[in-house]
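In what follows, chains are A, B, ... by sequence order, proteins preceding strands, each numbered from 1. Values below: all heavy atoms of this structure, side chains included; hydrogens, waters and symmetry mates excluded.
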Amino acid sequence: MAVLGDLDALVLARLQFAFTIAFHIIFPSFSIGLASFLAVLEGLWLSTRREVFRNLYLFWVKVFALSFGMGVVSGVVMSYQLGTNWSVFSATAAPIIGPAFAFEVLTAFFLEASFLGIMLFGWKKVGPGLHFTATALVAIGTLISAFWILSANSWMQAPAGFAIQPDGSLIATDWWAVVFNPTFPVRLAHMALAAFLTTALAVGGASAFVLLRDRDQPESRMALRMAIGMFAIVAPLQLVVGHTSGEVVREHQPLKTAAIEAYWQTRADQPQGLVGWPDRKAAKTHGEIAIPGIGNAIQGVSKETVIQGLDAWPREDWPVVGLVYWAFRVMVGLGLAMIGLGVWGVWRCYRGGPETSPWFLRASVLMGPMGFVAVIAGWIVAEAGRQPYVIYGVLRTRDAVSPVGAGQVSVSLLAFMIVYAIVFSAGAIYILRLMNRGPAPHEEAATPEDRAPGSAMAAAGEEQ
Amino acid sequence: MTLDLPLIWAGLIATSVLLYVLLDGFDLGVGILFPFARSPTERDAMMNSIAPYWDGNETWLVLGGGGLFAAFPMAYAIVGPALYAPIMLMLLALILRGVAFEFRSHGRKRGKRFWTAAFAGGSLAATLAQGLVLGGFIQGIAVRNGAFAGGPFDWLTPYSLLVAVGLVAGYALLGATWVIWRSEHQLHDDARRWSVIAGLATAGLLAAVSIATLIVHPRVAKVWGFTGEGFKPDVFLPHLPIPLLGAAGLGIVAWGLWKRSHHAPFLGSLLVFLSGYIGLAASFFPNIVPYDVHFRTAANEEGALGFMLVGIAILLPVILGYTAWVYWIFRGKVAADAGYH
């Protein structure tokens with residue numbers, strides 16, 4: 001009974017972490033790209049003085065404020081949840097990745113939080129150069145934050161630069177090796193590109209939605225072209241970086257590669273499975289459609305090279321193969337669709353403009369949210385693929401959990417689900433409402449729109 | 001020269017938590033006072049007075065948590081499970097009130113009413129939760145073999161509830177005196193009235209919490225010279241400046257309200273909090289988790305502490321510099337339509 005109780009608490013703690021972090025990652029992946037987009041827009045406005053860039057800035061900064069706010073508050077949860085739910089992990093990992101967390105707060109969070117105030121409320125308070133600097137600093141802050149968190153997470157994937165002391169605790173032996181651990185550089189590039197891609201698709205989708213209604217809306221025409229330019233370049237680049245990331249995974253986490261591709265047997269000349277239903281118990285993939293003879297080539301090794309299959313490891317070390325396998329296919333499938341959309345968009349740009357093709361606009365709207373789906377799928381590959389370890393090869397997830405009972409965790413999990421459902425629905429409604437309205441020709445800086453506070457209309461209509 | 005790294009980091013974490021309490025204290029306090037505002041316009045002005053700052057203020061809480069994880073992982077790993085429920089309540093409440101800053105201005109009729117309530121309720125609940133965390137912390141946490149070894153509701157006692165109510169009064173005082181400083185006309189006068197009430201409540205509850213602490217927690221009482229054998233003035237006297245600072249703070253609040261000063265009441269309430277904070281620190285030192293975990297036991301490896309110290313030594317002055325600059329940019333009185341959408 002006690003064992004069952006402990007297991008329940010572990011499962012609940014894992015569910016809570018998965019839920020809160022999957023919710024959280026949506027916002028950084030949008031804010032990272034959007035902050036850079038805003039910096040570019042403001043830079044273009046200051047250098048060209050074309051109203052279209054000013055209007056786009058003032059429109060998208062409102063979306064940014066909504067998304068960033070949700071990212072901040074869901075991020076505060078992460079900084080405490082490690083202690084409340086994963087206290088053994090915290091005590092074990094802090095000597096190594098503690099500094100990354102501290103540096104993230106010191107170099108990124110304060111920068112973003114402070115200059116966000118100027119960005120959102122300073123349009124009329126500070127000069128244009130200073131305002132642009134604030135936007136640029138927020139954009140830089142989002143990237144610095146990605147740097148540290150990806151460093152810490154990559155260390156958990158392929159720990160380096162540390163030693164295990166006689167009492168079992170960890171000690172850093174080489175800080176450079178800890179921070180720039182082997183999977184970090186390529187994973188940082190992969191995540192940063194994912195954020196840019198996600199934002200480009202969202203901006204493109206929102207602009208296409210307005211253009212379906214009003215083909216001549218100048219701001220949306222400009223934004224759609226900028227978005228196409230972005231994803232047409234970044235999506236193919238992401239394919240290359242993603243592939244490189246896969247090679248790094250195969251080198252440092254061969255078990256994860258075996259799960260991603262459902263390689264059950266260790267052998268040369270692995271087949272390339274396209275789709276199928278991996279069955280962990282039977283150690284085979286049901287109904288698999290596979291292309292024989294090309295698996296090794298896709299992994300970037302010769303046909304004769306032996307690639308380890310899951311059978312090279314004891315079963316209790318296997319991750320949930322089906323989840324990793326399918327999350328990977330969703331991510332790659334969406335990535336290929338993004339490349340297709342980019343090619344189509346560039347072609348449309350040379351054929352009378354993207355807004356002249358309703359089908360392209362509809363496809364862009366459909367692809368608008370797909371960056372988020374791909375990001376979450378990618379993180380599932382990374383995190384579920386590392387199981388049953390929380391620190392690969394060093395600490396198992398089941399040993400990392402806090403001494404907190406199932407009762408408390410189930411209540412807090414339920415509370416998170418309710419609160420996040422409210423916050424997410426409201427945030428999504430407000431963002432979609434803004435996107436539906438679209439940028440205006442005379443977009444206003446953060447001031448009341450149609451009902452100034454203090455006016456009779458506001459007093460009558462707002463509350464009470 | 002060798003640096004005493006654990007001691008320096010204990011000081012840094014303590015400073016970060018102090019800055020959090022002072023800074024987020026006033027913006028949580030503004031939320032607590034939200035239901036007492038006369039009109040939506042007053043609420044808009046109150047929110048505008050803190051909108052550019054709240055995110056930066058809350059970042060000190062993230063530094064407190066992240067810093068504790070990084071510098072005193074053992075303490076972080078004990079406090080999290082021990083105070084699980086109030087920490088979760090705090091996080092959920094901070095989410096609701098945090099998004100309310102943006103959402104409130106996007107909501108239509110019902111939405112706006114909902115987010116107004118979420119801002120007020122979230123601010124109050126986050127404050128109560130912080131009070132329960134503080135109360136549970138002062139009571140002491142059961143520790144065995146470097147891990148939490150108590151029950152899920154150890155933190156819930158009449159004492160911790162008293163601390164929670166006291167913190168609500170204190171934050172309300174910070175919030176009310178902040179609004180005095182940053183508002184004009186009707187709202188300014190309302191904030192003066194709130195300050196009088198919150199000031200009296202804070203003075204009473206601060207005294208009650210202090211006395212209760214001495215009665216309920218003999219180990220703290222001993223630090224202040226109240227032992228089982230009687231009062232020891234020689235132990236108490238070195239600590240005398242701490243309660244005097246608190247009394248001076250309350251005096252400045254009262255004097256400022258009397259003289260209709262715009263900024264003195266806020267400065268006075270900051271001093272009240274500073275005195276309470278130093279008083280607590282003096283009661284626990286050198287424990288980082290009362291009453292069994294010495295800060296040196298809980299400290300991270302010297303190498304990690306040294307590595308981080310290089311960073312914080314450079315970055316902290318920069319952060320304090322631009323934080324002060326942002327406060328300067330948005331100085332002065334706010335109007336209801338001072339910039340939010």
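- Here the closest non-hydrogen pair linking A/Gly98 and B/Ala70 is O-CB, 3.3 Å.
- Looking at B/Ile312, the atoms closer than 4.5 Å to chain A (heavy atoms on both sides) sit in the backbone and in the side chain alike.
- At least one donor-acceptor pair under 3.5 Å links the side chain of B/Tyr322 to the backbone N or O of A/Leu111.
- Residues A/Pro95 and B/Ala304 come closest through the heavy atom pair O-CB, 3.7 Å.
- Shortest non-hydrogen contact noted between B/Glu301 and A/Ile171 is OE1-CD1, 3.5 Å.
- Contacts of B/Phe72 with chain A are absent, with no heavy-atom separation under 4.5 Å from either backbone or side chain.
- For the side-chain contact (heavy atoms from CB on, under 4.5 Å) test with B/Val99, the passing option among A/Ile422, A/Leu66, A/Val73 is A/Val73; the others fail.
- Contact annotation for A/Phe109: both backbone and side-chain heavy atoms come within less than 4.5 Å of a heavy atom of chain B.
- With chain B as partner, the option from A/Leu130, A/Ile118, A/Ile96 having the largest number of non-hydrogen pairs under 4.5 angstrom is A/Ile118.
- With a 4.5 Å cut-off on non-hydrogen atoms, A/Val409 touches chain B through its backbone and its side chain both.
- If you measure heavy-atom distances from B/Leu61 to chain A, the contacts under 4.5 Å come from both the backbone and the side chain.
- Using bins of under 30°, 30° to 60° and over 60° for the plane-to-plane angle, the ring pair A/Phe121/B/Phe330 lands in the perpendicular bin.
- Here the straight-line distance linking atom CZ of B/Phe307 with atom CH2 of A/Trp175 works out to 6.0 Å at 0.5 Å rounding.
- Of the residues listed (A/Asn85, A/Leu413, A/Val411), the one engaging B/Met88 in a side-chain contact (heavy atoms from CB on, under 4.5 Å) is A/Asn85, and it is the only one.
- With a 4.5 angstrom heavy-atom cutoff, A/Val77 touches chain B via backbone and side-chain atoms both.
- For a residue to count as touching a neighbouring chain, one of its non-hydrogen atoms must lie under 4.5 Å from one of that chain's; by this rule B/Ile95 touches chain A with backbone and side chain alike.
- Pairing each heavy atom of B/Val326 with each of A/Ser114, the nearest pair is CG2-O, 3.6 Å.
- For B/Ala85, the parts lying under 4.5 angstrom from a heavy atom of chain A are both the backbone and the side chain.
- Interface residue B/Ile329: backbone and side-chain heavy atoms are both found under 4.5 Å from chain A.
- When side chains are defined from C-beta on, B/Thr59 does not count as touching A/Glu112, because their heavy atoms never get closer than 4.5 Å.
- Of the listed residues (A/Ile97, A/Thr92, A/Val419, A/Ile418), the greatest number of heavy-atom pairs within a distance under 4.5 Å of chain B belongs to A/Val419.
- For A/Phe68, the part lying near chain B is the side chain, with the backbone staying farther off; criterion is any non-hydrogen pair under 4.5 Å.
- Of all the listed residues (B/Ala82, B/Gly66, B/Gly65, B/Gly98), the one sharing the greatest number of non-hydrogen pairs under 4.5 Å with chain A is B/Gly65.
- The parts of B/Leu63 that come within reach of chain A are both its backbone and its side chain, each placing non-hydrogen atoms under 4.5 angstrom from that chain.
- Looking at A/Val423, both its backbone and its side chain come within 4.5 Å of chain B, counting heavy atoms on both sides.
- The contact between A/Leu116 and chain B is made entirely by side chain atoms (from C-beta outward), counting heavy-atom distances below 4.5 Å.
- In this structure, the portions of A/Ala426 lying under 4.5 Å from any heavy atom of chain B include both its backbone and its side chain.
- By the 4.5 Å heavy-atom criterion applied to side chains, B/Met308 and A/Phe101 are not counted as neighbours.
- Heavy atoms of B/Trp325 lying under 4.5 Å from chain A belong exclusively to its side chain.
- For A/Val404, the part lying under 4.5 angstrom from a heavy atom of chain B is the side chain only.
- Considering only heavy atoms from C-beta on, A/Ser412 comes within 4.5 Å of B/Tyr84 through its side chain.
- Residue contact with chain B, scored on non-hydrogen atoms closer than 4.5 Å, involves the backbone and the side chain of A/Phe110 alike.
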